[in-house]
Amino acid sequence: MKNIYLDNSATTQVDPEVAKIMTEYMVEKFGNPSSIHFFGQQAKYAMDNAREKVAKVINAGVKEIFFTSGGTESDNWAIRGFVENYIKKNNKAHIVTSRIEHSAVYETCRMLEKKYPQLITVTYLKPDKKGHISPYEVKKALTSDTVIVSIMHVNNEIGAINDIAEIGRICREKCVLFHTDAVQSFTKIPINVKTMNIDLLSASSHKIYGPKGVGLLYVRNKVDILPILFGGKQESGQRNGTENLPGIVGFGKAAEIAMKTYKKDIQRIGSLRNKLYELISKDVKDIILNSDIEEGYEGILNISFDGVEGESLLLALDMEGVAVSTGSACSAGSVKPSRVLLGIGLMEVDAQSSIRFSIGRNNTMEEIEFAGNAVIKAVERLRSMSWM
Ligand SMILES: Cc1ncc(COP(=O)(O)O)c(C=O)c1O
């Protein structure tokens, strides 16, 4: 059997149709969208077209979409761009976020409170046992100094889905800006920035079968954020630097394809996830299910295996040709237990025994059966040698 990829939350395989159109915009229609000659205008037209496609996914206006280099830049820009602008004219800013945000949000908040200790304070909300941030807790955390709330839509390690519509409603009612990191949910779960009262939203192309190195920040009309890159006035002067044309065109194509297939995809992905869990839980004792099978995002299954080190299991599965992860891609390689798993109340030892299986639209039932059996055998072997 060929290698089996169960790490779709880290990144996805580029769709062949996406790769095809990207090649066209690298090799033939390679103009700089800022140029006024034919090549440039052709490029600009393609970029505007891609902007329309991604805007449609979240019911945004085209003028509210700014292309970036990916989810990390979008998260950094949303929070820094707003808060650092705000404190120029005001002497206090309070941010509400959570303990289980992606590092792109979490570390940005940590940086801001360190850089401006007199001006910026941050509240990191604790999730419940399933990884949800309660809208009620968000409301309770708001103070007269709160200027922005940043709560992710789908958690990348365990798949918990937050009630962003309710959080958005609370923020709008209190005149506080609401940013959501929708990197794991964009094109997978319906989002409507208008009805959900979202002011800022981050998404990334490589999680949706598009290329790496391109993403977007939605900035609601009239929300004032400062650029973090200065230069040649691209993206209406908000995000400067020559646009990644092939990447943007590919992102647009990937969004268009995903919007046509997501309903079918999510159903199939859910049944593959359920099968994988069924296979593992039937034959492996002493496991902790860290994902919410009933209400969480269908593509993520996170399990802790008692007495087994997550990294050892990952390597054992890799030898069998099954690619998984021990947490978010960004925390892989670090020996620290996952902040997300500790956040939902796991003990360190259980957090370090966890594996994230993330399923995508290219996986098959045959692959899931193979992977399930590989897990059963690997856990049995590792436990028989374990001293934990
Ligand atoms: C929830 C979340 N936010 C942000 C990012 C960062 O996105 P990018 O890889 O495009 O920088 C990721 C990537 O894993 C993610 O899962």
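All figures in this text were calculated on a predicted structure; none of them were measured in a lab. Start at 1 and go down the list; that is how both ligands and their atoms are numbered.
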Is it true that Glu157 and Ser338 share a donor-acceptor pair across their side chains at a distance under 3.5 Å? yes
Taking non-hydrogen atoms only, is Asp75 closer than 4.0 angstrom to ligand 1 via side chain, backbone, both or neither? side chain
Partners meeting side chain to side chain contact (heavy atoms under 4.5 Å, CB included) with Leu289 (sequence neighbours left out): Tyr277, Ser291, Ile293, Leu301, Ile303
Heavy-atom side-chain contact between Gln234 and Asn240 under 4.5 Å: yes
Just to be sure I'm reading this right: ignoring hydrogens, which of Ser185, Ala203, Ala10, Gly71 gets closest to atom 8 (P) of ligand 1? Compare them by their nearest heavy atoms. Gly71
For His206, the atoms of ligand 1 under 4.0 Å from one of its heavy atoms are 8 (P), 9 (O), 10 (O)
Between CZ of Arg220 and CD1 of Ile225, what distance do you get to the nearest 0.5 Å? 12.0 Å
Working to the nearest 0.5 angstrom, can you tell me the gap between Leu217 CG and Ser204 OG? 12.5 Å
Applying ring pair (Phe, Tyr, Trp, His ring centres under 6.0 Å) to Tyr106 and not counting sequence neighbours gives Tyr124
Atoms of ligand 1 close to Met152 [distance to a heavy atom under 4.0 angstrom, numbered from 1]: 1 (C)
Would you mind listing which atoms of ligand 1 come within a distance below 4.0 Å of any non-hydrogen atom of Thr72? 6 (C), 7 (O), 8 (P), 11 (O)
Ala316 and Arg381: which non-hydrogen atoms are nearest, and at how many Å? CB-NH2, 3.8 Å
In terms of its nearest heavy atom to atom 5 (C) of ligand 1, the top option of His153, His102, Glu73 is His102
Quick one: which ligand 1 atoms are inside 4.0 Å of a heavy atom on Gly70? 10 (O)
Short N or O distance, Ser9 and ligand 1, threshold 3.5 Å exclusive: no
What atoms in ligand 1 come closer than 4.0 Å to a heavy atom of Gln184? 1 (C), 15 (C), 16 (O)
Could a heavy atom of Lys207 be found less than 4.0 Å from some atom of ligand 1? yes
